[in-house]
Amino acid sequence: MSDQTLTLNKVGRDEAGLDYEVVVIGAGVAGIYQIKRLSDLGVNATVLEANSDLGGTWYKNRYPGARFDSESYTYGYSFSKELLDEWHWTERFSPQPETLKYLNYVADKFDLRQHMQFDCFVDAMDFDDDAHVWHLSLRDGRTITCRFVIAALGVLSVPTLPRFEGMDDFAGESFHPFEWPDPAPDLSGKRVAVIGTGATAIQLIPEVAKQAEHLTVFQRRPNWAVPLGNGLISDEEMADIRSRYDDIFDQCARSPGGFEHTPDRRGFFNVSREERVALWDDLYDKPGFALWLQNFIEIFMDETANAEVAEYVADRIRQRVDDPELAERLIPKDHGFGVQRLPLETNYFETYNRENVTLVDSTETPIEQITATGLKTSAEEFEFDVIVYATGFDAFTGAFDKMNITGVDGQKLRDKWAEGPVTYMGLMVHGFPNLAILAGPQTAATNFPRAVETSIDWATPLFEHVWQQGHTRFEATAQAEQEWFDHVVAMYEPLLVRKSKGWITGYNSNLDGHEFGNMRYNVYNGGGPKYTGIITDVAADNYRGIGFDGS
Ligand code: NAP
C-alpha cells in the first residue's frame, strides 16, 4: 500500500467517524469510472444507485432500436489499454443489450460491484457547514454521512409524460420508452400508438412498425434526421480499430464534439454551391454524425447557410417517402437543420411507406384526451392496445430536482436552479460545498463518455489535492460561478441553437417553467478542447475560483 493510499484511508471512516469519505450517486457510465478511480486510490467510497443494477441510461432504455449514435469505439472508456484490447464491439453503433453487457464487463473486470449499492434512492442531501459533512437520507430509511458527494446522475435520467386527461383510464399497456417493460411486450397483432418524434421515437418507430399490426405515430413537430449507417464490425476491423485507439481518442479530444468527426473549415461561402453539395452528398451516406459535425461551421450560425443545408436534407427526405404530401409533413419547417440535437435513423422515413403505419399531425388535430380504449384527437377517436409516450425528459436538472439538496444557509439547489442551472465549469455550485458534478449541466456538450472522462480526470486530482492539503471543504466562489455563467451565455450568442425549441435549451411542454423562450443555459457550447483547456488552466492556477476550508 502506498503512502498516498494510507493518507487517504486516514481521512476516511476511521479518522472522521463518517460512513464514507465519498459517496458517488449513480452507477451509470460516469459512476462506474469514478468509483474505479476512487477505489484505485483506496478511498472509503461507495456508489448509491436508485436502479436495481448498474448501467444508468443503458440499464433503463430497453426499447427496441435503442443504440448508440456515437461510434461504439469512441463511446467506450479510454482509461485502460487492457480493456480496449479485450473488448470487441460487434456493431459500429452498439445496441443497448451489448452496451449494458460492456458496462457490466468493466465493473466485473475491475471488481467494482463491491463498491456499489443498488435500489438506493437518495431522497435528500443536507450539508452541515460546521462539520463539513453531507447527510444523505435514503428512501429505504437509512441515513449516510460523508465528506464529499459526487453526482453522476446523467443528463437524461428523468422521463416526462404528457399531461393528457384520462391517462389513468387507458385499459391497455402504456409506458415511456425509458420504462420499456422487461421482458419486452409482444407487439405482434397489436395496435400501437407512439406519441412524439424525438431521437428516441425515431429509433423505435421502425422497429415497432415491423412487429405491430398497425402503428400510428402522433407527431407534433417533425425532427431532422439522417442515416445512422450501422454495420457489423469484423474481427479484422476491430483489430484495426484497436491498433488506432490512441489516434482515435486523440482525435476525439481535438474535435469540438468529442467524436472523430471534425468540421469542414474551408468556409461555407468560400466554396461554390456545387462543392457544398458534393460535400453533403458524401456526408449524407457516411455513418454517424458526419453530416452534422463534418459540415461547415457556418450552418450553426448563419441563417442563409443553414437554410441551404436544410433544403438539401429536405430533398433527401422527399426522395425517401413515396407520398409527397406525407414527405412534406415529415420535413421540419419551424427550425433549421442541426440546431437541435440531431437524431440518427435507420429506415425511419421509409417506415412511413409501409401500409401498417399512419402519421397523425398533432399540430393540426391535437390529442385531446386518452380514453379507456385509445385516444381522442380534435378530429377522430383511435383504438389502441399499446400507447408509447416517447415524450422526452426533464433534462439536465431533473435528477437534481428530484433530490431535496440543501446547501449552506438552508438554500435549496432546486430553488437556485429554478430558472436553469448555474455552475462553476459545470463541476460545482457555489453554496453547495463538497459537491462535484460529473458531465452535468454547463459542461461541454460532447460524446458523453468523453465528457465523463474529462470530468473525472479533472475532479479526481481535485480531491487528491484536497486530501493532500488536509482540507475538509471546497466551494466555488460566487464570483467564479458568475463569470462562468456569463461565459456560457456568451457562447450561445453566435449560435442558432439559442432559438431552438428543444431540451438542450430547456424546452419541455410537459413541465411548468420549461416553456419555449424560457431559455436555460444547459450546455457549454465552446466545444471539448476549449472546455478542457479552461478547466486544466484553472487546476494549474492553484484551483482558481475555488475556496478551500473557508479560505
Ligand atoms: P425529445 O427529443 O425531447 O422528444 C420528445 C418528443 O415528444 C418530441 O417530438 C415532442 O414534440 C413530443 N412530445 C412531448 N410532449 C408531447 C405532448 N404533450 N404531446 C405531443 N407530443 C409531445 O426526447 P427523446 O426523443 O427522448 O430524445 C431526447 C434525447 O435523448 C435525444 O435528443 C438524445 O440526445 C437522447 N437520445 C440518444 C439516443 C442515442 O444516443 N442513441 C437515442 C435516443 C435518445 P415537440 O417537439 O413538439 O415538443
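In this chain, residues are counted from 1 in sequence order.
- A donor-acceptor contact under 3.5 angstrom links the side chains of Q34 and T460, judged on distance only.
- V489 pairs by the side chain to side chain contact (heavy atoms under 4.5 Å, CB included) definition with F485, E493, Y521, not counting sequence neighbours.
- Remark: side-chain polar atoms of E475 are paired, donor with acceptor, to backbone N or O of G431 under 3.5 angstrom.
- Of all the heavy atoms in P461 and I456, the pair that sits closest is CD-O, 4.0 Å.
- When only modelled atom types and interatomic distance are considered, T99 and Q96 share no side-chain donor-acceptor pair under 3.5 Å.
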Exercise for review: Run the numbers on V217 and Y352 for side-chain contact (heavy atoms from CB on, under 4.5 Å), then give the verdict.
Suggested key: CA-CA 10 Å; V217 177; Y352 292 96; 3.5 Å; yes
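- With sequence neighbours left out, the ring pair (Phe, Tyr, Trp, His ring centres under 6.0 Å) criterion links H514 to no other residue.
- For the 3.5 Å distance criterion, the side chains of D486 and Q482 qualify, holding a donor opposite an acceptor.
- Summarising the geometry, atom CG belonging to D394 is positioned 4.5 Å from atom CG belonging to L511; distances are rounded to the nearest 0.5 Å.
- A donor and an acceptor atom, one from each side chain of H261 and E71, are located under 3.5 Å apart.
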Exercise for review: Test R220 against D334 for salt bridge (Lys or Arg N to Asp or Glu O under 4.0 Å), laying out the working first.
Suggested key: CA-CA 11 Å; R220 199 163 55 182; D334 73 324; over 6 Å; no
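- Considering only residues two or more places apart in sequence or on other chains, F79 meets the ring pair (Phe, Tyr, Trp, His ring centres under 6.0 Å) condition with Y33, Y77, F110.
- A salt bridge does not link D323 to R329: none of the charged side-chain nitrogens sits closer than 4.0 Å to a carboxylate oxygen.
- A search for ring pair (Phe, Tyr, Trp, His ring centres under 6.0 Å) contacts involving F268 returns F296, not counting sequence neighbours.
- With sequence neighbours excluded, the residues satisfying ring pair (Phe, Tyr, Trp, His ring centres under 6.0 Å) with F175 are W180.
- Looking at Y312 and F337, their side chains never come closer than 4.5 Å, going by heavy atoms from C-beta outward.
- The aromatic ring centroids of F548 and H465 lie less than 6.0 Å from each other.
- In this structure, the side chain of N306 engages the main chain of I299 through a donor-acceptor pair within 3.5 Å.
- The six-membered or imidazole ring of W292 lies away from that of F259, with a centre-to-centre distance of 6.0 Å or more.
- Considering all non-hydrogen atoms of both residues, S72 and S94 come closest at OG-N, 2.9 Å.
- A donor atom on one side chain and an acceptor atom on the other are found under 3.5 Å apart for E49 and N51.
- Using modelled atom types and a 3.5 Å distance limit, the side chains of R520 and Y507 yield no donor-acceptor pair.
- With respect to the salt-bridge test (charged N to carboxylate O, under 4.0 angstrom), the residues R276 and E298 do not qualify.
- In summary, the aromatic rings of F93 and Y75 are positioned with their centroids too far apart to meet the 6.0 Å limit.
- Each of L279, N295, L283, V277 was evaluated against V309; a single residue qualifies, N295, per the side chain to side chain contact (heavy atoms under 4.5 Å, CB included) test.
- Under the 6.0 Å cut-off for aromatic ring centres, F396 and F400 do not qualify, their centroids lying 6.0 Å or more apart.
- For W134 and F432, the ring centers are positioned 6.0 Å apart or more.
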What donor-acceptor contacts under 3.5 angstrom involve side-chain atoms of residues 418-425, with partners at least two apart or in another chain?
residue : atom : partner : partner atom : Å
T423    : OG1  : G426    : N            : 2.8
T423    : OG1  : Q442    : OE1          : 2.7
Y424    : OH   : R544    : O            : 2.7

